[in-house]
2 protein chains.
Amino acid sequence: MPLRPISDVRREELALAALEVFLTSGADRMTLERVAKTAGTSKGTVLHYYLSKEALLDRVLRDVLRVLGREAQASIVAQTTAREKVNAQIALCFRPELFTPEYARAWLSVIAKCAAGNGVDRYRRLIARRLRSNLQAYLRPLVGATEARPVAESLAALIDGLWLRRAVDPVGLTPDRAKALALTHLEESLAFL
Amino acid sequence: MPLRPISDVRREELALAALEVFLTSGADRMTLERVAKTAGTSKGTVLHYYLSKEALLDRVLRDVLRVLGREAQASIVAQTTAREKVNAQIALCFRPELFTPEYARAWLSVIAKCAAGNGVDRYRRLIARRLRSNLQAYLRPLVGATEARPVAESLAALIDGLWLRRAVDPVGLTPDRAKALALTHLEESLAFL
DNA sequence: CAAGAAACTGACCTATGAGTCAATCATCCG
DNA sequence: CGGATGATTGACTCATAGGTCAGTTTCTTG
């Protein structure tokens, strides 16, 4: 088998370093200098492998989304009933290793960036839409076609709001509590119809 | 009566210009240069009246919060029943002239700023806490002392999430629809107990 | 009116951060 | 071996943005 080209190795190492910086500093403060330092190299090298900071951020976000997508697929497809699928999706959003202040802050920094208009929109849309449309799909058998959309919309907004709070107040909201709030909301929505 | 000192007049004019820039550009892009230009003066003058950009932003946020606080007081105190008070609080959050993409983006930029650690924390806490604790107070007679907190927490998070969505997707969510979603959530929470 | 205080300005300084580039250094292949 | 290709670097430019400052104008007041 052919040895992996150095360029690929480097690109991956740099992406990893960038991810680390991104998670601790957010999208704005993820400077090329810091990424270089974290990777133990120079800014020039970073720009040698990624044409611009945007390209690097792109790669980082793509990686994160890919991983999340895979995990979602794995843990949701395993469920049989629609209700279990919704539950699994919610549980996924609040897994303790994901629902951390660092992740939340990083996520918020991306949202803010794209709300401000600086590129990167696709990712937010991707996350938000996928979350909502997944929920909507799982909810349809439970609440009917007409009610699925508003219920999913509300639940997705609640989840976003809880993430936002997590970003700003690292101690006031545990993963368990956040998950409980989301599940209660779901419960109530289902009971109400 | 004494004429108003020029310094006060200027400070207010500059605060007004700063508010305009803040609402259209967000906290980060509210540069001293732009504020000066908007006010029709020079950067030096801005810094003559406000010791730093942070001081200026401080003033802007303080003004906004004061106005919002006054409006809240006025429109909520007028209500008699607890349920009406909650409704009024929700209506206030989604008033069409407030729940605009511009406001939402500006608000998001502040949240992101303080999540990132750059000063200004007090304001987020102020907004978030006041909203939640107001809701909690109005809800206590409706759902009891033990349930008031989680219900308020959930509703506040939902409202935050809807604002967030408003910031990112200017067309997908009208004020009416957002308000309806929040009211439905409240309805369901009350019905469920 | 004159002098001091306040308003006001623009030139300057500094820091940060993205991106460029020519010059090295390593490696691989003919 | 020896050139070509690619990796790597650090010094450079450019732009932004906050903040400083000395000097000028304008106002106020004795």
Side-chain angles (χ1 to χ4, degrees), chain A residues 1-18 20-22 24-61 106 109-110 112-114 116-120, chain B residues 1-18 20-22 24-61 106 109-110 112-114 116-120:
Chain A
M1 69 183 170
L3 297 181
R4 215 146 61 108
I6 291 174
S7 61
D8 286 12
V9 178
R10 288 282 173 274
R11 249 181 279 272
E12 196 171 323
E13 289 168 335
L14 290 172
L16 216 63
E20 186 185 327
V21 176
F22 168 68
T24 56
S25 316
D28 287 322
R29 303 219 186 164
M30 180 187 103
T31 71
L32 296 178
E33 194 57 50
R34 281 193 215 199
V35 172
K37 203 121 179 222
T38 301
T41 180
S42 69
K43 194 170 65 166
T45 299
V46 178
L47 282 161
H48 179 69
Y49 289 105
Y50 292 93
L51 295 189
S52 65
K53 175 183 170 171
E54 207 190 328
L56 180 56
L57 184 55
D58 212 81
R59 162 77 190 248
V60 168
L61 296 179
S109 76
V110 174
K113 202 178 179 61
C114 72
N118 313 24
V120 209
Chain B
M1 68 182 166
L3 296 181
R4 212 144 65 105
I6 292 174
S7 61
D8 285 14
V9 177
R10 287 282 173 274
R11 248 181 279 273
E12 195 171 325
E13 290 169 334
L14 290 172
L16 215 63
E20 186 185 327
V21 176
F22 168 68
T24 57
S25 317
D28 286 323
R29 303 217 187 167
M30 179 187 105
T31 71
L32 296 179
E33 194 59 50
R34 281 192 216 199
V35 172
K37 204 120 178 223
T38 302
T41 180
S42 69
K43 194 170 64 165
T45 299
V46 178
L47 283 162
H48 179 70
Y49 288 105
Y50 292 94
L51 295 190
S52 66
K53 176 184 169 170
E54 208 191 326
L56 179 57
L57 184 57
D58 212 82
R59 163 77 189 247
V60 170
L61 296 179
S109 76
V110 174
K113 202 178 180 61
C114 71
N118 313 24
V120 209

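Labels below follow one simple rule: chain letters A, B, ... track the order of the sequence lines, proteins then strands, and each chain is numbered from 1. Just so we're clear, the structure is a prediction, and the values are computed from it rather than from any experiment.
- Listed by residue number, B/K43, B/L47, B/S52 are the residues of residues 37-52 of chain B with a heavy-atom contact under 4.0 Å to DNA chain D.
- The distance from atom CG of A/D58 to atom P of C/dA18 is 16 Å, rounded to the nearest whole Å.
- Residue A/R10 contributes atom CZ, which lies 9 Å from atom P of D/dA7 at whole-angstrom precision.
- Counting only distance, with no hydrogens or angles, the side chain of A/S25 and the backbone of A/M30 share no donor-acceptor pair below 3.5 Å.
- Looking at A/Y49, its side chain never comes within 3.5 Å of a backbone N or O of A/D8 through a donor-acceptor pair.
- At D/dT16, none of the side-chain N or O atoms of B/R29 fall inside 4.0 Å of OP1 or OP2 (strictly under the cut-off).
- The minimum heavy-atom distance linking B/S42 with B/A36 is given by the pair C-CB, 3.4 Å.
- Here the straight-line distance linking atom OG1 of B/T38 with atom CD of B/E33 works out to 10.0 Å at 0.5 Å rounding.
- We find that CD of B/E33 is positioned 13 Å from C1' of D/dA15, with the value rounded to whole Å.
- Here C/dA7 presents its P atom at 12 Å from CG of B/L14, a figure rounded to the nearest Å.
- Computed from coordinates, the B/D28 CG to C/dT16 C1' distance equals 14 Å when rounded to whole Å.
- Rounding to the nearest 0.5 Å gives a distance of 9.5 Å between CG of B/L14 and CZ of B/R59.
- Whole-Å rounding puts the A/L32 CG to C/dA18 P distance at 4 Å.
- Using modelled atom types, no side-chain atom of A/K43 and backbone atom of A/T31 make a donor-acceptor pair closer than 3.5 Å.
- Here C/dC8 presents its C1' atom at 13 Å from CD of B/E13, a figure rounded to the nearest Å.
- Atom CG in A/L57 sits about 11 Å away from atom P in C/dA18, given to the nearest Å.
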